[in-house]
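Note that the structure is predicted; figures quoted are calculated from it, not measured. So you know, we letter chains A, B, ... as the sequences are listed, proteins then strands, and number each from 1.
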Amino acid sequence: MRLIICEKDNAAKRISDILSNGHFKTEKRGRVPVYLFVWENERTVTLGLRGHIINMDFPKSYNNWSAVDPIELIDVKPERMVSAKGIASVLSSLAKEADRVYVATDYDREGELIGKEAVEYAFGSGQLEKAMRAHFSSLTPDEIRRSFSSLGRMDLHLASAAETRQIVDLVWGAALTRFISLASGRLGHDFLSVGRVQSPTLALIVNREKEISAFVPEPYFRIEALLGRDGLDFEAAHVEGDIFDQGKAKEIFSKVKDAKEGVIIDVKERERTDRPPVPFNTTQFIRAANNLSLSAARIMSIAEDLYTNGYISYPRTDNTVYPRDLDLRKTVDSLAKGPYMEAASHILSKEKITATRGSKQTTDHPPIYPTAFATKAELGRERFKIYDLVVRRFLATLHDPCRVKVTSVRTDINGETFTSSGIRIISPGWRSVYTMSVVKEKELPPLEKGVRVKVEEISLLDKETKPPRRFSQGGLIQEMERLGLGTKSTRHEIIQKLYSRRYIEESPPRPTLSGSALIDALEKHARMITEPDMTSRLERDMERIANRELTQDAVVMESREMLRKVLRTMEKEKAAIGRDIASALKEQDVVGKCPRCSNDLLLVRSKWGKRYVRCSRFPGCSKSYPLPQKGKITFSGNICEVCRSPMMTLYSRGKRPREVCINPACPGKRAGTGGSEGEKGKNIKGSS
DNA sequence: GCAAGGTC
């Protein structure tokens with residue numbers, strides 16, 4: 001029997017379908033589907049893994065953070081452990097029957113390692129040389145058949161490069177995570193994490209926030225006028241635009257402030273062509289969907305759901321060029337219904353459909369595009385928003401350019417020049433379907449050289465320069481991509497991790513006190529881990545391992561020595577690092593004043609992970625409050641008027657946030673004057 | 001209870 005191993009179930013099914021010409025049988029082994037068919041007269045079974053089935057970790061004896069000096073971890077050899085037990089046991093039972101094994105995981109570094117792990121686990125490392133490897137760049141019949149008729153061998157050097165990354169990430173991540181957590185006394189549920197990708201990402205947010213708070217606004221002036229002609233008003237601005245010299249601004253303004261009339265100097269018209277947008281890769285998709293006010297992680301989980309249900313293509317891709325074998329016409333044709341009818345028909349009416357191309361072309365997956373038509377009723381509101389975005393973007397990439405007429409007018413007012421512009425869409429082209437991108441039209445009255453216009457209003461505006469903006473989640477993902485941090489599959493998860501560690505809050509994300517304190521400490525004592533260079537350097541080394549110019553051992557050894565130096569210097573500063581972080585954390589955890597002794601009340605976690613509030617003077621003062629264990633809570637600093645306890649804001653899905661007293665025994669609640677009981681009553685009434 | 005990377 002032949003065994004084909006794929007990276008995921010979806011690919012396994014597709015490959016079985018292609019190699020068997022549709023004559024395959026699906027069987028479930030427990031909860032794991034496998035696909036059986038006859039290929040070249042031999043019984044064949046295909047299994048889809050779920051990515052990595054092996055994870056690297058330290059031996060159990062190093063599990064106790066308090067008993068192991070983090071510096072010891074540097075020289076511990078990580079172990080491989082099965083992380084997907086169900087799949088692994090199906091794999092080994094299939095391996096008993098198989099006499100030949102074919103690796104058909106994704107054709108990239110991680111795919112090579114995923115395949116190697118599976119073969120090694122099921123057949124032993126002796127079989128690695130014998131395994132056949134299919135190299136394909138898309139799951140299309142031609143490509144799959146080609147790859148299975150020209151099989152190669154596994155590239156163990158490529159797999160070794162991926163393994164090197166695993167080791168380096170684990171050793172640095174675990175050692176620094178433990179060191180920082182121990183130094184600041186944060187153990188158990190509230191540990192502080194450090195990593196090659198998460199820490200530079202957090203540093204981006206923290207440093208942007210520093211720029212914002214250090215920003216000194218600079219005053220400037222603008223002179224703007226409202227002009228009129230034939231009963232139609234239009235705006236004009238002084239040609240100098242932003243004027244930073246107050247004397248100059250006042251001088252110009254005094255010349256024009258009493259003007260009643262202006263004269264048109266000239267009118268210029270030109271046509272602008274806005275090219276359609278390029279196909280969606282993951283980053284641009286998240287950026288666009290981020291405007292629908294969803295978190296990056298939520299967007300990706302909806303996309304995953306749409307993908308597994310067959311509505312859109314694979315959502316994790318860097319590619320921005322449709323592959324040649326994607327049948328654009330057929331895809332458009334399948335969408336020519338409902339709200340997409342008009343755009344789709346227009347595209348189909350073209351003799352040749354041409355698509356825009358982005359600057360990144362890869363061969364692993366196509367850009368994100370719709371694979372089936374669906375309605376809002378089928379998908380529900382939220383899923384439809386994402387699906388609709390993908391469909392409209394896809395159609396836009398095949399549509400016509402948008403043509404815009406831009407009119408520039410110069411007007412003389414008492415010897416000063418003012419400019420105005422008119423914007424009119426001649427033909428909307430792709431914008432008729434990609435309604436997320438809007439050009440604001442501006443109307444001008446009919447004007448020509450020498451025409452007199454009325455000055456309706458003229459003003460000197462006081463302005464201030466603005467600080468740089470915070471990163472949106474989408475903007476952050478784009479910046480991470482630019483810096484080479486993380487991958488298409490992990491960037492959104494990294495951001496989510498920063499939220500769950502309470503390093504950042506709100507959206508757009510802002511650093512918390514602990515997030516800032518952590519970055520301050522790391523930048524001071526372990527700068528390397530906060531910079532994207534660590535990733536680019538690792539990338540270079542991995543490339544050289546794959547090319548046989550370097551060995552895994554050499555890279556890992558050098559990395560270990562570097563970490564040893566870092567930890568040794570940090571060890572000397574341990575007390576100071578701990579103090580800095582701990583004091584920020586303490587400040588962050590203060591939720592109000594104790595009504596009994598007026599010391600700080602702290603948000604804390606018990607040994608078992610339960611959150612509650614207690615007095616900072618504990619055990620001297622025993623005041624404490626239980627908290628709801630689920631859902632997000634924030635503390636505004638407000639105090640309950642009835643019992644003087646702090647108020648908290650509860651956020652639950654699908655409901656409006658509500659502010660209630662944290663004291664479950666608050667007399668205000670029983671009386672129904674704004675406590676949670678009263679609120680509950682309202683909600684029940686509202687929903688029935 | 002540590003990372004980051006696949007995948008669900």
Problem - Salt bridge present between A:Arg502 and A:Asp190 (N-O < 4.0 angstrom) - result: no
Exercise for the section: Please work out if A:Arg501 contacts a base, only the sugar-phosphate, or nothing of the nucleic acid, heavy-atom cut-off 4.0 Å. Expected result: sugar-phosphate
Exercise for the section: Compare the aromatic ring of A:Trp65 with the six-membered base ring of B:dG1 and state whether they stack according to the 5.5 Å and 30° rule. Expected result: yes
Problem - A:Arg165 side-chain proximity, nearest of B:dA3, B:dG6, B:dA4 - result: B:dA4
Practice task
Please state whether the phosphate of B:dT7, meaning OP1 or OP2, lies under 4.0 angstrom from any side-chain nitrogen or oxygen of A:Ser489.
Solution key: yes
Practice task
May I ask you to evaluate whether A:Ser193 reaches the phosphate of B:dA3, defined as a side-chain N or O under 4.0 Å from OP1 or OP2?
Solution key: yes
Exercise for the section: State, yes or no, whether a side-chain contact exists between A:Trp172 and A:Leu538 at a heavy-atom distance under 4.5 Å. Expected result: no
Practice task
May I ask you to evaluate whether A:Thr487 reaches the phosphate of B:dG6, defined as a side-chain N or O under 4.0 Å from OP1 or OP2?
Solution key: yes
Practice task
With heavy atoms under 4.0 Å as the rule, sort A:Gln198 into base, sugar-phosphate or nothing.
Solution key: sugar-phosphate
Practice task
State, without any angle test, whether A:Ser193 and A:Gln198 hold a side-chain donor-acceptor pair at a distance under 3.5 Å.
Solution key: yes
Exercise for the section: For B:dC2, take OP1 and OP2 only and decide whether either is under 4.0 Å from a side-chain N or O of A:Arg196. Expected result: no
Problem - Whole angstrom value for the distance that separates C1' of B:dG6 from CD1 of A:Ile494 - result: 13 Å
Practice task
Could you tell me the separation between the CD atom of A:Glu110 and the C1' atom of B:dA4, rounded to a whole number of Å?
Solution key: 8 Å
Completion exercise
To the nearest angstrom, the CE-P distance between A:Met81 and B:dG1 comes to 12 Å
Practice task
Mark yes or no for whether A:Asn547, through its side chain, and A:Glu549, through its backbone, hold a donor-acceptor pair below 3.5 Å.
Solution key: no
Exercise for the section: Taking only Lys NZ, Arg NE, NH1 and NH2, and the carboxylate oxygens of Asp or Glu, determine whether A:Asp106 and A:Lys8 approach each other closer than 4.0 Å. Expected result: yes
Practice task
Report which part of the nucleic acid A:Val168 touches: base, sugar-phosphate, or nothing (heavy-atom distance under 4.0 Å, all strands).
Solution key: nothing
Exercise for the section: Mind checking A:Asp106 for me? I need base, sugar-phosphate or nothing, with any heavy atom below 4.0 Å counting as a touch. Expected result: sugar-phosphate
Problem - A:Arg316 side-chain N/O to B:dG6 phosphate OP1/OP2 under 4.0 Å - result: no
Practice task
Could you state the atom-to-atom distance from NE2 of A:His52 to C1' of B:dA3 in whole Å?
Solution key: 12 Å
Handout entry: OP1 or OP2 of B:dA3 under 4.0 Å from side-chain N/O of A:Gln166
Key = no
Handout entry: Earlier contact from the 5' end, DNA chain B, for A:Lys8 and A:Asp169
Key = A:Asp169
Problem - Interatomic distance, A:Tyr62 OH vs B:dA3 P [rounded to whole Å] - result: 20 Å
Problem - Set of residues satisfying side-chain contact (heavy atoms from CB on, under 4.5 Å) with respect to A:Lys574, sequence neighbours excluded - result: A:Phe179, A:Ala183, A:Glu571
Exercise for the section: Describe the nucleic acid contact of A:Asn64 in one word from base, sugar-phosphate, nothing, applying a heavy-atom distance below 4.0 Å. Expected result: base
Exercise for the section: For A:Gly486, answer base if it contacts any base atom (sugar-phosphate contacts may also be present), sugar-phosphate if it contacts only those atoms, and nothing otherwise; contact means non-hydrogen atoms under 4.0 Å. Expected result: sugar-phosphate
Problem - Side-chain N,O (A:Tyr314) to OP1/OP2 (B:dT7) below 4.0 Å - result: yes
Practice task
Please report, rounded to the nearest Å, how far the P atom of B:dG5 is from the CE atom of A:Met542.
Solution key: 8 Å
Handout entry: Distance below 4.0 Å between A:Lys488 side-chain N/O and B:dG5 OP1 or OP2
Key = no
Exercise for the section: Look at the side chain of A:Asn55 and decide which nucleotide, out of B:dG6, B:dG1, B:dA4, has an atom nearest to it. Expected result: B:dA4
Fill in the blank from the handout: Among B:dC2, B:dG5, B:dT7, the one nearest any side-chain atom of A:Val197 is B:dG5
Practice task
Quickly work out the A:Glu493 CD to B:dT7 C1' distance and round it to whole Å.
Solution key: 9 Å
Handout entry: A:Phe191 CZ - B:dC2 C1' separation (whole Å)
Key = 6 Å
Exercise for the section: Give a yes or no on whether the ring-centroid distance for A:Tyr307 and A:Tyr314 is below 6.0 angstrom. Expected result: yes
Practice task
For A:Leu176, report the nucleic acid contact type (base, sugar-phosphate, nothing); a contact means any heavy atom under 4.0 Å.
Solution key: nothing
